[in-house]
Peer 1: 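Below is a structure I'd like to ask you about.
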Amino acid sequence: MTLPAGTMARTGNSAHKWGLTSDRKQKMTRGAQKQGPSIVWFRDDLRLADNQALTAAVAAPAPLLCVYIFDEESEGFRPHGGASRWWLHHSLAALGGEISKKGGRLDLFRGRAKDILPALAAAASAGAAFWTRRYGGAEIALDTVLKTRLVAAGVKTQSFNGQLLHEPWEVKRGARGSFMVYSPYWRAALALPDAGAPLDAPEKILASPYSRGAPKRKSLDELGLLPKRCDWAAGLSANWRPGEKGAQKRLGDFLANGLQAYASARDRPADDAISRLSPHLRFGEISPRQIFAAVRAAETERPELKAGASKFLGELGWREFNYHVFFSHPNAATTNLQRRFDAMPWRDPPLHELKAWRRGQTGYPLVDAGMRELWTTGFMHNRARMAAASFLVKHLLIDWRIGEEWFWDTLCDADPANNPMNWQWVAGSGADAAPYFRVFNPVLQGEKFDPRGDYVRRWIPELAALPDKWIHKPWAAPAAVLLEARVELGKTYPKPVVDLADGRDRALKAFEAVRR
DNA sequence: CCCCTATTGTG
DNA sequence: ACAATAGGG
């Protein structure tokens, strides 16, 4: 693997009026009620099927303005990372294509939603606006302001849940507010009435002509989402097909091939046993409700899927739980959920160690394989994520936020709730987190979950000729074995950046400062 | 969704 | 000598 020289990070180089022809009569008979196109504001719901906001808009007797606003300027918004921007570009292209096929049109904007949406509504004399809810603090605040402004301007607005099985506030722990432990949360969520059958995509979308005087639309390229300086995205293109079609294909493949063995095979990073739906979910190209319904239907038809299905739905449950916690702790992307961790004596990150971690050059094959998979494909297997994250936080004693930022920049599935919550889980500072003394050993994890070294060999070709016995600990191999495998430690593959026992002891000592 | 060490059990 | 298990970080 080669990183382009000087590349520290993917984003590091920086961040109608409608036609009144045959409709005129109808408008006249409606009297004073405001008529005009309906705005469908797409955000993290880039799909046509099971999109309640879109379905509600189509049901109204008005043509549609389908809108996406690329907004990096609103206060408190976290800018997309590089991989997310790449994904977003292609997802918008796919969405625009699908909307066109139905007869509609997707209009793109760049700037503050707070300015663009009301200006568009006014210029188009929009009668209504529909969107799918989101759950970040700044996003909720903005949506609330916009709703007030639009309503005051006579635009009916309606928002829907399309991103979660249950709204964060619907899953209740007696009268005592939100959950902080996963198992009771998920039990309570599963006990709620089923989210119901997913909606079909609309048959037809009637496009509203674009008004003069409305905010200027951008082309997809003008959003500037694709990398400019160097094309690190080749590996992303080779591995992913962003968009609703790609998401449905993944789901179908997974139900047919992955689900049965999922409960155990999900832990082996060399196996192709995982759904890889996370980036599609992140951008709402598929809804959790669609996934839930499809899995339930599959296990009803094929009872042998039951074990895999419950494990897989449990992962969807972790996503719901993360949003539930995130909703009641809007600062959790940057603040320890357990405040005692504020006293944690993180090291001032040594740059060479941090670089080694980012580039997959720590000398620990499982960690390095994961980090290289991440850089190349914009994805990392969950088992490798846990090992790589634990290694940074514990063995290198580097603040989880620094790792979180790297993942945010490089993961296609970088999710505002999941990414920080999962890092906090590893660090031990999170809700229902792994206890601080749980330290993943990359050698043992490798031997247990990648016993043949297939995953390591796939991502670290310079180690490929090592026998299984040494594939997860090349530094311990006899000189003759290394010679035979043409491995020169410190040259073709790095020596360990830190000794495992030393790193572990140092971490456990540091965590003493944080113990209750 | 862990690892390490000490101790006891087994041949 | 090794496997299985307990206890603790």
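By convention in this document, chain letters (A, B, ...) are assigned in the order of the sequence lines, proteins followed by strands, and residues within each chain are numbered from 1.
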Peer 1: Return the value, rounded to whole Å, for the distance between atom CG of A/Asn441 and atom P of B/dC4.
Peer 2: 5 Å
Peer 1: I need the NZ-C1' distance between A/Lys311 and B/dC1, as an integer number of Å.
Peer 2: 6 Å
Peer 1: Only distances under 3.5 Å count here; give the side-chain donor-acceptor pairs of residues 471-483 of chain A to other protein atoms, sequence neighbours excluded, each with its distance to 0.1 Å.
Peer 2:
residue	atom	partner	partner atom	Å
A/His472	NE2	A/Gly446	O	3.1
A/His472	NE2	A/Asp450	O	2.9

Peer 1: Look for any protein N or O under 3.5 Å of an N or O in nucleotides 1-8 of chain C and output each such pair with its distance, or none.
Peer 2:
none

Peer 1: Taking A/Glu320 for its side chain and A/Leu165 for its backbone only, find out whether a donor-acceptor pair lies under 3.5 Å.
Peer 2: yes
Peer 1: When you measure from the side chain of A/Arg515, which nucleotide among B/dC2, B/dC4, C/dG9 comes out closest?
Peer 2: C/dG9
Peer 1: Measuring to OP1 and OP2 of B/dC3, would you say a side-chain N or O of A/Gln445 lies under 4.0 angstrom away?
Peer 2: yes
Peer 1: Under a 4.0 Å threshold between the charged nitrogen and the carboxylate oxygen, would A/Arg372 count as salt-bridged to A/Glu462?
Peer 2: yes
Peer 1: Taking only the side-chain heavy atoms of A/Trp318 (C-beta and beyond), determine which of B/dC1, C/dG9, B/dC3 contains the nearest atom.
Peer 2: B/dC1
Peer 1: In plain terms, say whether A/Asp44 and A/Arg134 are close enough for a salt bridge, that is, a side-chain N and a carboxylate O under 4.0 Å apart.
Peer 2: no
Peer 1: Among B/dC1, B/dC3, C/dG9, which nucleotide has an atom closest to any side-chain atom of A/Trp425?
Peer 2: B/dC1
Peer 1: Measuring to OP1 and OP2 of B/dC1, would you say a side-chain N or O of A/Asn382 lies under 4.0 angstrom away?
Peer 2: no
Peer 1: Rounded to the nearest angstrom, tell me the gap between atom OH in A/Tyr436 and atom P in B/dC3.
Peer 2: 17 Å
Peer 1: Between A/Glu404 and A/Arg78, does any NZ, NE, NH1 or NH2 come within less than 4.0 Å of an OD or OE carboxylate oxygen?
Peer 2: yes
Peer 1: Regarding A/Glu285 and A/Ser91, is there a side-chain donor-to-acceptor distance under 3.5 Å anywhere?
Peer 2: yes
Peer 1: Atom CG of A/Asp505 to atom C1' of B/dC4: distance rounded to whole Å?
Peer 2: 10 Å
Peer 1: So if I take every side-chain heavy atom of A/Leu508 and compare against C/dG9, B/dC2, B/dC1, which nucleotide ends up nearest?
Peer 2: C/dG9
Peer 1: Picking from B/dC3, B/dC1, C/dG9, which would you name as closest to the side chain of A/Arg383?
Peer 2: B/dC1
